[in-house]
Number of protein chains: 2
Amino acid sequence: MNYPSKVLERAVEEMSNLPGVGKRTALRLVLHMLHRPASQTENLADALQHLVQDIEYCEKCHTISDAPICQICANPLRDTSLICVVEDVRDVMAIENTGQYKGVYHVLGGRISPMDGIGPGQLYIDSLLKRIKNEDVAEIIFALSSTMEGDTTAFYLYKVLKNTPVNFSTIARGIGVGDELEYADEATLVRSIQNRIPYVESN
Amino acid sequence: MNYPSKVLERAVEEMSNLPGVGKRTALRLVLHMLHRPASQTENLADALQHLVQDIEYCEKCHTISDAPICQICANPLRDTSLICVVEDVRDVMAIENTGQYKGVYHVLGGRISPMDGIGPGQLYIDSLLKRIKNEDVAEIIFALSSTMEGDTTAFYLYKVLKNTPVNFSTIARGIGVGDELEYADEATLVRSIQNRIPYVESN
């Protein structure tokens with residue numbers, strides 16, 4: 001592509017380094033930036049600069065944070081004996097959005113995936129072991145994705161942690177609320193029958 | 001959405017102000033930026049800052065440029081008697097990529113579109129009239145999109161410019177090179193028959 005301006009070309013090149021953003025989309029976004037007030041793009045540039053300069057990760061749970069200890073770990077009302085193990089910060093945000101979970105988290109930073117070259121050594125497993133040893137942890141909830149990699153990661157964690165005096169649980173798999181049985185895949189249907197729970201009126 | 005960090009939230013908000021980028025996509029892009037070397041995101045921020053600060057528009061043809069006069073207008077090898085009128089800089093880039101056009105351009109900055117609140121007053125029409133008066137222009141090529149707005153714009157331009165001593169032409173509409181007749185829409189097929197050209201062996 002011949003760009004009429006080096007400044008334009010550089011902005012397009014940098015934007016197209018983002019995942020899922022091709023040259024054409026990048027050009028469309030950059031031209032949009034030229035049509036809106038310059039201050040808006042300056043704000044964006046400033047926000048990205050601050051992002052990489054100021055972002056911190058919680059020393060305890062490794063979630064993204066503005067301080068050495070995140071708001072969740074620092075909250076005295078949270079139950080620190082209950083640790084929910086997740087893959088990344090998006091999972092923390094999804095669970096937090098429900099407003100129903102009162103425990104704390106541990107962000108692994110990914111899942112074991114030999115295909116992507118990610119082994120246990122690249123995940124925050126040692127620090128989880130340290131938390132179990134040093135804090136008063138009663139239960140670990142595995143909230144990992146229901147894929148081969150997620151299951152492998154849960155299995156590996158269980159093997160590493162099983163000699164510690166904590167209980168392990170995993171989030172329930174089954175038919176989603178509002179879903180029709182007819183359209184559920186077989187694996188999910190089987191799991192939802194195997195893991196059936198006693199019927200209570202208020203459910 | 002509850003964000004675990006203000007820095008993260010601000011970056012996501014600013015990214016999601018771009019067209020076609022929702023909150024979820026913005027979060028995915030921002031988390032990607034945190035996983036790659038910080039220097040890459042600093043480069044992006046710097047490129048965007050330079051974009052809005054340093055970008056110029058050619059004083060003659062209004063295309064994006066690094067200087068007051070763009071490379072095309074400043075090129076002594078280009079035929080300045082031939083002006084191709086386009087809607088925006090993407091059209092200039094598309095035609096330049098063919099490497100076959102030796103004239104110059106005039107970027108209108110959009111097309112007449114009452115639905116979007118764009119009237120003739122917001123387009124660079126006066127400066128086109130001035131170019132025709134002051135320069136030795138022989139032909140104006142309308143290279144506008146083949147839509148109602150594009151046609152309206154060409155018609156309006158023709159009405160404004162018809163008393164000047166220049167010739168007008170419009171780019172050919174017809175079956176695309178490599179396309180099969182069977183799949184062409186009716187309007188295109190009709191145009192390609194109406195505007196048929198003498199058969200030459202080298203075509």
Side-chain angles (χ1 to χ4, degrees), chain A residues 1-8 10-15 17-21 24-25 27-58 63-67 70-72 88-90 92-93 96-97 99 109, chain B residues 1-8 10-15 17-21 24-25 27-34 36-58 63-67 70-72 88-90 92-94 96-97 99 109:
Chain A
M1 191 97 76
N2 285 316
Y3 293 91
S5 144
K6 292 262 171 261
V7 179
L8 179 75
R10 190 179 158 218
V12 172
E13 289 292 332
E14 292 293 343
M15 282 298 286
N17 282 337
L18 295 173
V21 180
R24 234 168 235 276
T25 306
L27 179 61
R28 190 171 56 82
L29 294 176
V30 166
L31 290 179
H32 172 83
M33 290 181 201
L34 289 173
H35 278 115
R36 66 181 189 176
S39 63
Q40 287 188 31
T41 301
E42 280 163 0
N43 276 342
L44 168 61
D46 186 64
L48 297 185
Q49 210 115 42
H50 275 289
L51 176 76
V52 290
Q53 281 165 4
D54 299 345
I55 206 85
E56 293 193 66
Y57 294 90
C58 176
T63 198
I64 287 172
S65 167
D66 287 329
C70 75
Q71 289 167 1
I72 298 167
D88 77 11
V89 68
R90 270 174 291 192
V92 174
M93 288 170 67
E96 281 302 288
N97 270 332
Chain B
M1 190 97 75
N2 285 318
Y3 293 90
S5 145
K6 292 262 172 259
V7 179
L8 179 75
R10 191 179 156 218
V12 172
E13 290 290 334
E14 292 292 344
M15 283 297 286
N17 281 337
L18 294 174
V21 180
R24 235 168 235 277
T25 306
L27 179 61
R28 189 171 56 82
L29 294 175
V30 165
L31 290 178
H32 171 83
M33 290 181 203
L34 289 173
R36 66 180 188 178
S39 63
Q40 287 188 29
T41 301
E42 280 163 1
N43 277 341
L44 169 61
D46 187 61
L48 297 185
Q49 210 116 40
H50 276 288
L51 176 76
V52 289
Q53 280 165 6
D54 299 345
I55 205 84
E56 294 193 64
Y57 294 90
C58 176
T63 198
I64 286 171
S65 168
D66 287 329
C70 75
Q71 289 165 1
I72 298 168
D88 77 11
V89 69
R90 271 175 289 191
V92 174
M93 290 170 66
E96 281 302 288
N97 271 332

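To find a chain, count down the sequence lines: A is the first, B the second, and so on, and within it residues start at 1. Worth saying up front: this structure is predicted, and the values here are computed from it rather than measured.
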Choice from [options] maximising heavy atom contacts with chain A below 4.5 Å:
| options | result |
| --- | --- |
| B/Asp66, B/Val52, B/Ile55 | B/Asp66 |
| B/Gly20, B/Ala11, B/Gly99, B/Ser39 | B/Ala11 |
| B/Glu96, B/His50, B/Arg90 | B/Arg90 |
| B/Ala94, B/Cys58, B/Pro19, B/Ala38 | B/Pro19 |
| B/Leu48, B/Leu51, B/Asn2 | B/Leu51 |

Side chain / backbone / both / neither for [X] at chain A, heavy atoms under 4.5 Å:
| X | result |
| --- | --- |
| B/Arg24 | neither |
| B/Ile72 | neither |
| B/Val30 | both |
| B/Leu34 | both |

Max heavy-atom pair count under 4.5 Å with chain B, selected residue of [options]:
| options | result |
| --- | --- |
| A/Glu13, A/Gln71, A/Met15, A/Gln53 | A/Met15 |
| A/Gln40, A/Glu42, A/Glu56 | A/Glu42 |
| A/Leu8, A/Asn43, A/Asp54 | A/Asn43 |

**Asked** Roughly how far, to the nearest 0.5 Å, is OG1 of A/Thr41 from CG of A/Asp46?
**Response** 12.0 Å

**Request:** Calculate, to the nearest 0.5 Å, the distance between atoms CG and CG belonging to A/Leu18 and B/Leu44 respectively.
**Result:** 6.0 Å

**Request:** Taking all non-hydrogen atoms of both residues into account, name the closest pair between A/Ser65 and A/Cys70 and its distance.
**Result:** OG-CA, 3.5 Å

**Asked** Any side-chain heavy-atom pair from B/Val92 and A/Pro4 closer than 4.5 angstrom?
**Response** no

**Asked** Would you say B/His32 and B/Arg36 make side-chain contact, with heavy atoms under 4.5 Å?
**Response**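 Yes, close enough: below the 4.5 Å cut-off.
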
**Request:** With a 4.5 angstrom heavy-atom cut-off, could you sort out which part of A/Ile64 is near chain B: side chain, backbone, both or neither?
**Result:** both

